[in-house]
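Side chains are part of it too, since the values below use all heavy atoms of this structure and drop only hydrogens, waters and symmetry mates. Every chain is numbered from 1, with letters handed out A, B, ... down the list of sequences. The shown structure was predicted, so the numbers you read here are calculated from the model rather than taken from an experiment.
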2 protein chains.
Amino acid sequence: MDVKTLCLGILCRQDASGYDIKKHFETAFSHFFAAGFGSIYPALAELSDSGLVTCDEECRHGKPGRKVYRVTEAGRQAFIAALRETEPRHKVRSEFLVLMYFAELMSTDRLREVLDQRAQEIENLFTKADEFDHRFGDPLSAGEQFVSGYGRALLKAAREYIRENRHLVENDHKQNLTTSPRRIRA
Amino acid sequence: MDVKTLCLGILCRQDASGYDIKKHFETAFSHFFAAGFGSIYPALAELSDSGLVTCDEECRHGKPGRKVYRVTEAGRQAFIAALRETEPRHKVRSEFLVLMYFAELMSTDRLREVLDQRAQEIENLFTKADEFDHRFGDPLSAGEQFVSGYGRALLKAAREYIRENRHLVENDHKQNLTTSPRRIRA
DNA sequence: ACGGTCATGTAAAGTGTTACATGATTAC
DNA sequence: GTAATCATGTAACACTTTACATGACCGT
């Protein structure tokens with residue numbers, strides 16, 4: 001599922017500008033999807049061209065002019081069709097785990113730094129999740145509740161695991177970094 | 001961190017062919033990094049060109065000729081440097097969670113199907129993790145243990161969360177899909 | 001004044017995915 | 001015999017990331 005389709009989905013919930021949509025990615029979608037302006041603005045232009053959304057430009061004396069997009073009936077149907085066809089994949093790409101995997105090739109100091117940084121990042125994500133859940137305004141939909149709880153549950157598991165197992169990599173007393181053992185193919 | 005660097009890392013542990021490296025991505029790295037042949041083979045060619053690895057081609061009467069790569073001292077140092085400089089990011093891209101987020105726009109049947117599929121996928125990943133841990137041959141390194149345990153811990157959390165919370169989205173009694181409520185910007 | 005937020009957009013570069021093309025060997 | 005696994009590689013395509021370019025408004 002690409003950014004274009006996600007934008008369409010967000011617009012099925014509420015009218016929004018590109019900037020609003022970016023905010024949505026950073027809050028509601030933060031723990032399972034990322035998108036930058038460089039993906040969002042072209043996506044909105046394409047959606048507009050194909051008639052899946054319409055665009056009202058607010059007149060402002062300044063240059064840019066805030067553009068508020070609204071989904072059309074065709075757009076809504078297209079998104080519902082996309083939901084029917086999308087494979088429910090789930091992919092992780094973790095440089096953090098790569099570093100842990102190669103712990104033997106890293107200094108203890110660097111390992112500690114990386115683990116602390118990751119632990120801190122997890123705490124920040126908890127805070128962000130709290131802010132999202134307790135924002136006032138609309139109550140959370142069932143989907144939002146499920147997804148928010150999911151993120152929280154995995155965050156909790158990650159925090160606990162790191163706390164209890166960081167010693168596995170930190171206490172790894174290394175010999176010589178340049179001659180650490182290599183396996184020979186059988 | 002790109003596929004090229006990861007290939008270099010894998011080669012710091014053991015000599016391998018492109019095919020072997022693909023296997024490594026599918027087993028040891030499966031829950032935190034993915035790479036296909038279309039990334040791996042060009043990466044190995046580039047590593048070879050820049051002198052970070054050498055290549056022994058096994059002569060075979062057939063055409064392809066298995067190529068076994070070996071890291072050079074320069075390559076080893078380059079990888080260790082990469083480990084020092086790599087930011088410990090951790091990104092998820094989950095179409096599954098996107099679907100859950102938009103549960104209101106999906107039929108209960110489709111939601112059940114998606115949840116069952118995800119649950120099954122998680123079970124498969126547990127099986128794969130077991131196979132990886134209990135393979136004979138080399139015992140797991142500290143890094144491998146940490147990463148394998150991490151994957152397992154998060155898998156467990158995901159399984160439990162889905163079991164206990166799928167009702168949130170499944171029991172969402174929908175009215176009319178085409179006119180479900182939309183929020184208006186404040 | 002200055003920093004943060006609001007606001008839009010383009011272009012190039014980087015990276016990965018998919019499909020294609022080929023063929024031997026091994027296990028059932 | 002036939003399917004799976006072993007084995008390499010290219011080319012086109014899709015998509016995202018990053019850097020650039022611009023500027024108003026609001027709070028302190």
Original post:
Yes or no on salt bridge (Lys or Arg N to Asp or Glu O under 4.0 Å) for A:Arg66 and A:Asp20, after CA distance, side-chain angles and deciding distance?
Top reply: CA-CA 10 Å; A:Arg66 180 183 152 89; A:Asp20 294 333; 3.0 Å; yes
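Nearest nucleotide to the side chain of A:Ser17, out of C:dT8, D:dG9, D:dT17: C:dT8. The side chain of B:Tyr41 lies closest to D:dA7 when the candidates are D:dA7, D:dT16, C:dT5. With C:dT8, D:dG9, C:dG16 as the candidates, the nucleotide lying closest to the side chain of A:Lys67 is C:dT8. Comparing atom distances between the B:Tyr69 side chain and each of D:dG9, C:dG9, D:dT16 picks out D:dG9 as nearest. Listed nucleotides C:dT8, C:dA7, C:dG16 differ in distance to A:Asp20; the shortest reach to its side chain belongs to C:dA7. Residue B:Val3 has its side chain nearest to C:dG16 when only C:dT8, D:dT16, C:dG16 are considered.
OP1 or OP2 of D:dC6 lies within a sub-4.0 Å distance of a side-chain N or O belonging to B:Lys23. Phosphate proximity of D:dA24 to A:Arg66: absent, as no side-chain N or O sits under 4.0 Å from OP1 or OP2.
The six-membered or imidazole ring of B:Phe32 lies away from that of B:Tyr150, with a centre-to-centre distance of 6.0 Å or more. Residues A:Tyr101 and B:Phe146 keep their aromatic ring centres 6.0 Å or farther apart.
Residue-to-nucleotide proximity on DNA chain D shows that, of A:Ala34 and B:Gly18, the 5′-proximal contact is made by B:Gly18.
At the heavy-atom level, A:Gly38 lies under 4.0 Å from base atoms of the strands shown. Looking at heavy-atom distances under 4.0 Å, B:Lys91 makes contact with sugar-phosphate atoms alone, never a base.
Between the side chain of B:Thr27 and the backbone N or O of B:Lys23 there is at least one donor-acceptor pair closer than 3.5 Å.
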